[in-house]
Amino acid sequence: MTKESYIKLTGIIRENPKRIRLTKFLNRLLTGFIFLLYPAFLLLLYLQKHPFLLRAILVPAISFVAVSIFRRVINLPRPYEKFDIPPVLEKDSPGKSFPSRHVFSVFVIAMTIFYLHTDAGILLFVIGVVLALIRVIGGVHEPRDVIVGALIGIASGIIGYYII
């Protein structure tokens, strides 16, 4: 991605204070929703004494640690660092842009819930796509960061729930 394409991609948001506020609000809302939903789902499994509970904890946890280590090793700069343009979304930590851990997390949680509740999982995939777009137009990730984050989340779910 070039500086010009990045500016063009995020320009629609940057030019309008209402769009900036909406982008920030949606980022917080969707992230918060997912990260409240997952513990609630685990609690439900626990209360039901469901045998899936341990896998529903281990697959995302192990995958999250692996993604975190991988991105620390790769340590690619974020778009706002690379192009010296402030992001729409508040972020001041350097590097560790690839892959997006937010997007990875949404997709691995979507796979976890999809395993038992197909419709809810599909809804979470849609939310994941929206969050991925927000993270890109918000200036904290490039498209490749969110695409790879989503693919790793899906692959983790496939491996953890359907192959192993």
Side-chain angles (χ1 to χ4, degrees), residues 1-41 59-61 63-115 117-159:
M1 175 173 275
T2 66
K3 184 174 184 173
E4 294 75 27
S5 62
Y6 173 74
I7 290 170
K8 186 176 182 179
L9 183 66
T10 61
I12 289 175
I13 302 302
R14 292 177 188 283
E15 297 166 358
N16 186 314
K18 288 181 182 177
R19 291 182 189 150
I20 290 173
R21 284 193 302 276
L22 179 62
T23 301
K24 289 178 179 181
F25 172 74
L26 287 174
N27 183 62
R28 282 190 302 270
L29 177 72
L30 296 178
T31 301
F33 173 72
I34 294 297
F35 293 104
L36 288 175
L37 177 69
Y38 178 59
F41 177 70
V59 170
S63 302
F64 185 84
V65 169
V67 164
S68 297
I69 292 168
F70 175 73
R71 74 188 227 145
R72 183 175 289 252
V73 170
I74 299 296
N75 198 26
L76 292 181
R78 293 180 180 273
Y80 60 83
E81 293 176 274
K82 199 160 114 178
F83 304 125
D84 196 31
I85 300 170
V88 171
L89 300 175
E90 289 88 12
K91 191 83 174 162
D92 59 4
S93 60
K96 295 180 262 180
S97 179
F98 177 84
S100 168
R101 220 168 32 186
H102 271 81
V103 174
F104 157 78
S105 296
V106 172
F107 277 85
V108 76
I109 291 167
M111 287 297 295
T112 302
I113 293 174
F114 179 83
Y115 187 79
H117 305 283
T118 306
D119 293 341
I122 290 169
L123 176 62
L124 293 177
F125 289 131
V126 171
I127 289 172
V129 169
V130 171
L131 187 62
L133 292 171
I134 288 169
R135 304 294 291 173
V136 171
I137 64 172
V140 295
H141 286 291
E142 293 188 41
R144 67 153 192 254
D145 302 339
V146 298
I147 292 168
V148 172
L151 291 174
I152 293 172
I154 292 168
S156 296
I158 290 170
I159 293 166

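Counting begins at 1 with the first residue of the sequence.
- Taken from CG in Asn16 to CZ in Arg21, the straight-line distance is 8.0 Å, to the nearest 0.5 Å.
- The shortest distance between side-chain heavy atoms of Phe98 and Val148 falls below 4.5 Å.
- Remark: Ile122 CD1 to His117 NE2 distance equals 13.0 Å, nearest 0.5 Å.
- Every residue was checked against the side-chain hydrogen bond (donor to acceptor under 3.5 Å, both in side chains) condition with Arg71, not counting sequence neighbours, and none meets it.
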Start with the C-alpha distance between Ser100 and Asp145, add both sets of side-chain angles, then the distance that settles side chain to side chain donor-acceptor pair (under 3.5 Å), and finish with yes or no. CA-CA 5 Å; Ser100 168; Asp145 302 339; over 6 Å; no

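- Checking side-chain atoms of Glu142 against main-chain N and O of Pro79 turns up no donor-acceptor pair under 3.5 Å.
- Summarising the geometry, atom CD1 belonging to Ile147 is positioned 12.0 Å from atom CD1 belonging to Ile152; distances are rounded to the nearest 0.5 Å.
- Between Gly95 and Asn75, the shortest heavy-atom distance links the atoms CA-OD1, 3.4 Å.
- With rounding to the nearest 0.5 Å, the separation of OH in Tyr115 from CD1 in Ile158 is 13.0 Å.
- Judged by distance alone, the side chain of Arg14 and the main-chain N or O of Ile7 form no donor-acceptor pair under 3.5 Å.
- For the pair Ile127/Leu124, a side-chain contact is recorded, criterion being any heavy-atom separation below 4.5 Å from C-beta on.
- The two residues Val108 and Ser156 come nearest to each other via the heavy atoms CG2-CB, 4.0 Å.
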Please output the side-chain donor-acceptor pairs of residues 24-41 that fall under 3.5 Å, not counting sequence neighbours, one pair per line with the distance.
residue	atom	partner	partner atom	Å
Lys24	NZ	Glu90	OE2	2.9
Asn27	OD1	Arg135	NH1	3.2
Thr31	OG1	Asn27	O	2.7
Tyr38	OH	Ala56	O	2.5

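- Using a 4.5 Å heavy-atom cutoff, the side chains of Arg72 and Ser68 are not in contact.
- Annotation: side chain of Lys18 is not in contact with side chain of Thr23 (no heavy-atom distance under 4.5 Å).
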Could you go through Ile134 and Leu89, starting from their C-alpha distance and side-chain angles, then the distance that decides it, and tell me whether this counts as side chain to side chain contact (heavy atoms under 4.5 Å, CB included)? CA-CA 9 Å; Ile134 288 169; Leu89 300 175; 4.3 Å; yes

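- Between the side chain of Arg78 and the main chain of His141, no donor-acceptor pair closer than 3.5 Å is present.
- At a threshold of 4.5 Å between non-hydrogen side-chain atoms, the residues Phe107 and Val103 count as touching.
- Across all non-hydrogen atoms, the minimal contact from Gly139 to Tyr80 is O-CD2, 3.5 Å.
- One finds the OG1 atom of Thr10 at 9.5 Å from the CZ atom of Phe83 (value rounded to the nearest 0.5 Å).
- The structure places OG of Ser97 at 12.0 Å from CD1 of Ile74, a figure rounded to the nearest 0.5 Å.
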